[in-house]
Amino acid sequence: MHEYTSTARVWGLSCPGFPEEVSRARRWTRDILRGSPLAEDAELIVSELSANAILHTASGREYGSFHLAVAVSAQVVAVSVTDDGGTAMAPKVEHQDQEAEHGRGLGMVSAIAHRVVVHESDQGHTVTAELYADARLGGHPC
């Protein structure tokens, strides 16, 4: 294969904004990544990002939804969750007290992932977390 050729595969799933859909999103991710050493981390990230979409955006309102994408290549697994927006602020990492009941999810995602990107649009927010097969690629803190 040519060194500039990408063999990434991408899957997508749309879910209604019901809490029980978070476990569906988790199972779906687990099935796609079965056998990958990054599967557990990706599953946890999808769970956190999906729950955040339902709890903090219009995705959790009547007729709301959230959308997942999983992209897999030899070098990286990228999981993205797109919400329906409806909030004045984009998701951001907050450093919460260890005893806090809320507000630690995106911080945890940032600690697990090698890179987290938040993209805002008129339709909502997309949070993408990247996990590198070779940690040296992203300089993940140990």
Side-chain angles (χ1 to χ4, degrees), residues 1-96 98 100-142:
M1 176 187 340
H2 191 276
E3 68 182 90
Y4 298 108
T5 303
S6 171
T7 58
R9 297 188 64 192
V10 180
W11 292 262
L13 177 69
S14 292
C15 298
F18 304 128
E20 57 270 20
E21 292 296 312
V22 173
S23 62
R24 177 176 166 222
R26 202 171 40 244
R27 282 190 313 274
W28 179 78
T29 303
R30 182 180 336 129
D31 288 346
I32 289 170
L33 297 174
R34 187 173 312 275
S36 168
L38 302 174
E40 286 184 22
D41 286 345
E43 186 180 344
L44 180 59
I45 289 168
V46 163
S47 183
E48 285 297 323
L49 296 180
S50 299
N52 284 350
I54 291 170
L55 290 172
H56 302 296
T57 74
S59 293
R61 296 182 191 150
E62 189 173 9
Y63 305 111
S65 61
F66 62 98
H67 312 279
L68 282 78
V70 174
V72 180
S73 73
Q75 297 82 22
V76 66
V77 170
V79 294
S80 299
V81 175
T82 301
D83 63 43
D84 284 346
T87 60
M89 294 176 47
K92 65 178 180 176
V93 177
E94 295 181 9
H95 300 285
Q96 296 288 342
Q98 291 286 1
E101 291 185 26
H102 300 287
R104 296 189 332 222
L106 200 50
M108 183 180 66
V109 168
S110 293
I112 295 170
H114 296 98
R115 181 172 173 229
V116 177
V117 177
V118 178
H119 177 75
E120 247 183 301
S121 73
D122 292 338
Q123 291 77 37
H125 312 100
T126 299
V127 180
T128 301
E130 297 176 354
L131 298 165
Y132 300 134
D134 182 349
R136 292 172 296 178
L137 294 174
H140 189 278
C142 295

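These numbers come from the heavy atoms of this one structure, side chains and all, not from hydrogens, waters or symmetry mates.
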Subject >> Short side-chain to backbone donor-acceptor contact, Asp83 and His125, under 3.5 Å >> reply: yes
Subject >> Atom of Ile54, atom of Phe18 and distance for their closest heavy-atom approach >> reply: CD1-O, 3.3 Å
Subject >> Contacts of type side chain to side chain contact (heavy atoms under 4.5 Å, CB included), residue Arg30, not counting sequence neighbours >> reply: Arg27, Glu43
Subject >> Heavy-atom pair with the smallest gap, counting every atom of Cys15 and Arg24 >> reply: SG-NH1, 3.9 Å
Original post:
After noting the C-alpha distance and the side-chain angles of Thr57 and Phe66, does the key distance pass the side-chain contact (heavy atoms from CB on, under 4.5 Å) rule?
Top reply: CA-CA 10 Å; Thr57 74; Phe66 62 98; over 6 Å; no
Subject >> Distance (rounded to the nearest 0.5 Å) between Arg34 CZ and Ser36 OG >> reply: 12.0 Å
Subject >> Heavy-atom check, side chain of Leu106 versus side chain of Leu49, under 4.5 Å >> reply: yes
Subject >> Of Leu13, Val77, Leu68, the residue whose pairing with Thr29 passes side chain to side chain contact (heavy atoms under 4.5 Å, CB included) >> reply: Leu68
Original post:
Minimum heavy-atom separation for Val109 to Ala129, with atom names?
Top reply: CG1-CB, 4.0 Å
Original post:
Can you find a pair of side-chain heavy atoms, one from Val79 and one from Leu131, that are under 4.5 Å apart?
Top reply: no
Original post:
Looking at Ala113 and Ile45, what are the two nearest heavy atoms and their distance?
Top reply: CB-CD1, 4.2 Å
Subject >> Gap between atom CE of Met108 and atom CG of Leu44 - 0.5 Å precision >> reply: 4.0 Å
Subject >> Beyond-backbone contact of Leu33 with Leu38, side-chain heavy atoms, under 4.5 angstrom >> reply: no
**OP:** Check the pair Glu130, Tyr132 against side-chain contact (heavy atoms from CB on, under 4.5 Å), reporting the backbone distance first and the verdict last.
**Re:** CA-CA 6 Å; Glu130 297 176 354; Tyr132 300 134; 2.8 Å; yes
Original post:
Got a sec, which residues hit side chain to side chain contact (heavy atoms under 4.5 Å, CB included) with Asp84, two or more places apart in sequence or on another chain?
Top reply: Ala58, Ser59, Ser65, His67
**OP:** Apply the test side-chain contact (heavy atoms from CB on, under 4.5 Å) to residues His114 and Val76: give CA-CA distance (whole Å), side-chain angles for both, the deciding distance (0.1 Å), then the verdict.
**Re:** CA-CA 10 Å; His114 296 98; Val76 66; over 6 Å; no
